[in-house]
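Since the structure comes first, as structure tokens, the remarks are kept for the end.
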Amino acid sequence: MAGGVTGGSEATWSDRFEEGLHPFIEVFNASIGFDLTLLQEDLDGSIAHARMLARCGVINGEEADQLVQGLETIRTEAAQGRFQPGLEDEDVHFAVERRLIALLGAVGKKLHTGRSRNDQVGTDLRLWLRRRLDELDGDLDRLQHALLLQAQQHRNTLIPGYTHLQRAQPLCLAHHLLAYIEMIQRDRDRLRDVRGRVNVCPLGAAALAGTPVSIDRRMTASDLGFERIYLNSLDAVSDRDFCVEYSAAASLVMAHLSRLAEEVIVWASEEFGFVRLSDRCATGSSLMPQKKNPDVPELVRGKCGRVFGHVQALLTMIKGLPLAYNKDFQEDKEALFDAVRTTRDCVEAMAVLFEEGLYFRAERLEQAVERDFSNATDVADYLVSKGVPFREAYQLVGAVVRRCLERKCLLRDLSLSDWKDLHPAFESDLHAALAPRAVVAARTSEGGTGFVRVEEQLARWSDLLNGTA
Ligand code: ARG
């Protein structure tokens, strides 16, 4: 039985095959259930290939025009929901070719000249990921803008700073939010770097060894906006590093989002009370009428595992494979698609959360920084400014904190004479120096939380994100 891709569910490949696939194996083998995601890119790649074949004289101009028109017809049919390939098509590449042959007859059979599904699928996947990377960069930019807006609104708000989740030193809230903007910028830079290696064209490597057909690989590559072509045909069809690289870079995005999500969850608790969630981004309990739950950041935190897992799955998929193409590669798609979908959804969810899903309770934050010992380092620094060696000052302040704890009071409750008893260097300017706002303002080292430094960074990020830098 001849017919290959045109054969229907009893399809066989070439005349080499006498029997059709076992029905379960047909299902097991097919990727059409998920790789239709690549339809637009498959059409784009085929259009570029057809044009190149004509320019190289492999087919004539009229044939190329027909192929391009046929491919565009399939695009239209898909947009109208009329392109619905079945299992017998196996994958998106066969589905398109089959439909093209149905539309054009003999001319349709010329499209696959000088290429294989192996270089074709690699091209599609890279085109697809390149688009998604550009969209993701836009999503990350939106999240940075949302964080910057909050930071600008809270340039004078204080928040307790923690190490080990124990009160450490008070911070400017804008400084805390700017830290996430920095992290996200590293993610954007990393993803841009990944994009450079995604943007390399494998088309024309054919099955694994290149082709005797006189094609021009650089023509299709530049038509499709690729920066470079693979210079080794085996590497071209065997490389899935970019899938691992994307998932790894996306894992760091997810890790950053998850840390931010965790902070929001903690901040929204009754115990902290630093933020209130708006009704638009919080959910209730089916049982406890008083509850307002932070589902959005919890889901973001929970979805990390997917993306981390895809890195592992993709690495494992690659590791034992001999050159060149192996069907194992079909497994790259669901992992990559889900990694991309999950990352983009989570970035958008966090952007919405910071745009309109929460507000900081400035009064609670103000109270929070007033009632602790997070200005203890500043007493030590005060003594240092009066010439006392730091370690000596540190010991002394530790003893003072213990005494305050025994007396159930704060450092600021000690009188100047109490302080003078402890060390003669204390003077009347001490109390002002211990106020949380003064403590924050004093941290003027570069990159510190001092208001002047925070203003510098707010201006820098505003320039960078609004393209005025
Ligand atoms: N559906 C296949 C994949 O996703 C396309 C490439 C098939 N190539 C092959 N030699 N069987 O990888």
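Not counting sequence neighbours, the partners of Thr283 by the side-chain contact (heavy atoms from CB on, under 4.5 Å) test are Asn293, Asp295. Among residues two or more places apart in sequence or in another chain, the ring pair (Phe, Tyr, Trp, His ring centres under 6.0 Å) test is passed with His145 by none.
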Listed pairs under 3.5 Å, donor-acceptor, residues 422-435 side chains, sequence neighbours left out:
unit_1 : atom_1 : unit_2 : atom_2 : d
His423 : ND1    : Ala425 : N      : 3.1
Asp429 : OD1    : Tyr382 : OH     : 2.4
His431 : NE2    : Arg412 : O      : 3.3
His431 : NE2    : Leu414 : O      : 2.8

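Of the possible donor and acceptor atoms, none in the side chain of Asn232 sits under 3.5 Å from a partner among the backbone N and O of Tyr230. Formation of a donor-acceptor pair under 3.5 Å by the Asn199 side chain with backbone atoms of Gly196 is not found in this model.
Using a 4.0 Å cut-off between charged side-chain N and carboxylate O, Arg197 and Asp241 make no salt bridge. Salt bridge status for Arg341 with Asp338: absent, with no side-chain N to carboxylate O gap under 4.0 Å.
When all heavy atoms of Met317 and Asp332 are compared, the pair lying nearest together is SD-N, 3.6 Å. Nearest approach of Arg240 to Val121, heavy atoms of both residues: NH2-CG1, 3.8 Å. Smallest separation of non-hydrogen atoms from Arg142 and Val352: NH2-CG2, 3.5 Å. Heavy atoms only, all atoms of each residue included: Cys409 and Phe373 are closest at O-CZ, 3.4 Å. Closest heavy-atom contact between Pro170 and Val369: CB-CG1, 4.1 Å.
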- Begin from the C-alpha positions of Glu77 and Arg99 and carry the test salt bridge (Lys or Arg N to Asp or Glu O under 4.0 Å) through to its verdict. CA-CA 10 Å; Glu77 288 176 350; Arg99 181 69 192 131; 2.8 Å; yes

- Task: For the pair Arg259 and Glu263, evaluate salt bridge (Lys or Arg N to Asp or Glu O under 4.0 Å) and give the outcome as yes or no after the intermediate values.
- Result: CA-CA 6 Å; Arg259 294 181 77 168; Glu263 299 220 78; over 6 Å; no

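For the salt bridge (charged side-chain N to carboxylate O under 4.0 Å, His left out) condition, the pairs that include at least one residue of residues 271-281, sequence neighbours left out, are Asp279-Lys292, Arg280-Glu356. Legend: ring pair (Phe, Tyr, Trp, His ring centres under 6.0 Å) pairs involving residues 301-328, not counting sequence neighbours, sorted by first then second residue: Tyr325-Phe329. Applying the ring pair (Phe, Tyr, Trp, His ring centres under 6.0 Å) test to every pair with at least one member in residues 330-352, sequence neighbours left out, gives these pairs: Trp128-Phe337.
A distance of 10.0 Å separates CG in Leu147 from CE in Met183, rounded to the nearest 0.5 Å. Atom OG1 of Thr316 sits about 11.5 Å away from atom CG of Asp328, to the nearest 0.5 Å. For the atom pair CZ of Arg82 and OG1 of Thr73, the computed distance is 9.0 Å after rounding to the nearest 0.5 Å. The structure places CG of Asn29 at 4.5 Å from CD of Glu90, a figure rounded to the nearest 0.5 Å.
Remark: the Ser445 side chain and the Arg453 side chain contain no N/O donor-acceptor pair separated by less than 3.5 Å. A donor atom on one side chain and an acceptor atom on the other are not found under 3.5 Å apart for Gln367 and Arg364. Checking Gln40 against Arg131 by side-chain atom types alone, no donor-acceptor pair falls below 3.5 Å.
Counting heavy atoms from C-beta on, the side chains of Phe354 and Val264 come closer than 4.5 Å.
For the pair Arg391 and Tyr394, the cation-pi criterion (under 6.0 Å, within 45° of the ring axis) is fulfilled.
Looking at Leu171, Val454, Thr157 one by one, the single match for side chain to side chain contact (heavy atoms under 4.5 Å, CB included) with His176 turns out to be Leu171. Shown are Val198, Thr220, Leu203, Leu127; of these, the side chain to side chain contact (heavy atoms under 4.5 Å, CB included) with Phe226 is made only by Leu127.
The aromatic rings of Tyr162 and Phe272 are tilted relative to each other, their planes meeting at an angle between 30° and 60°. Taking the six-membered ring where tryptophan is involved, the planes of Phe24 and His22 are perpendicular, since the angle between them exceeds 60° and thus also 30°.
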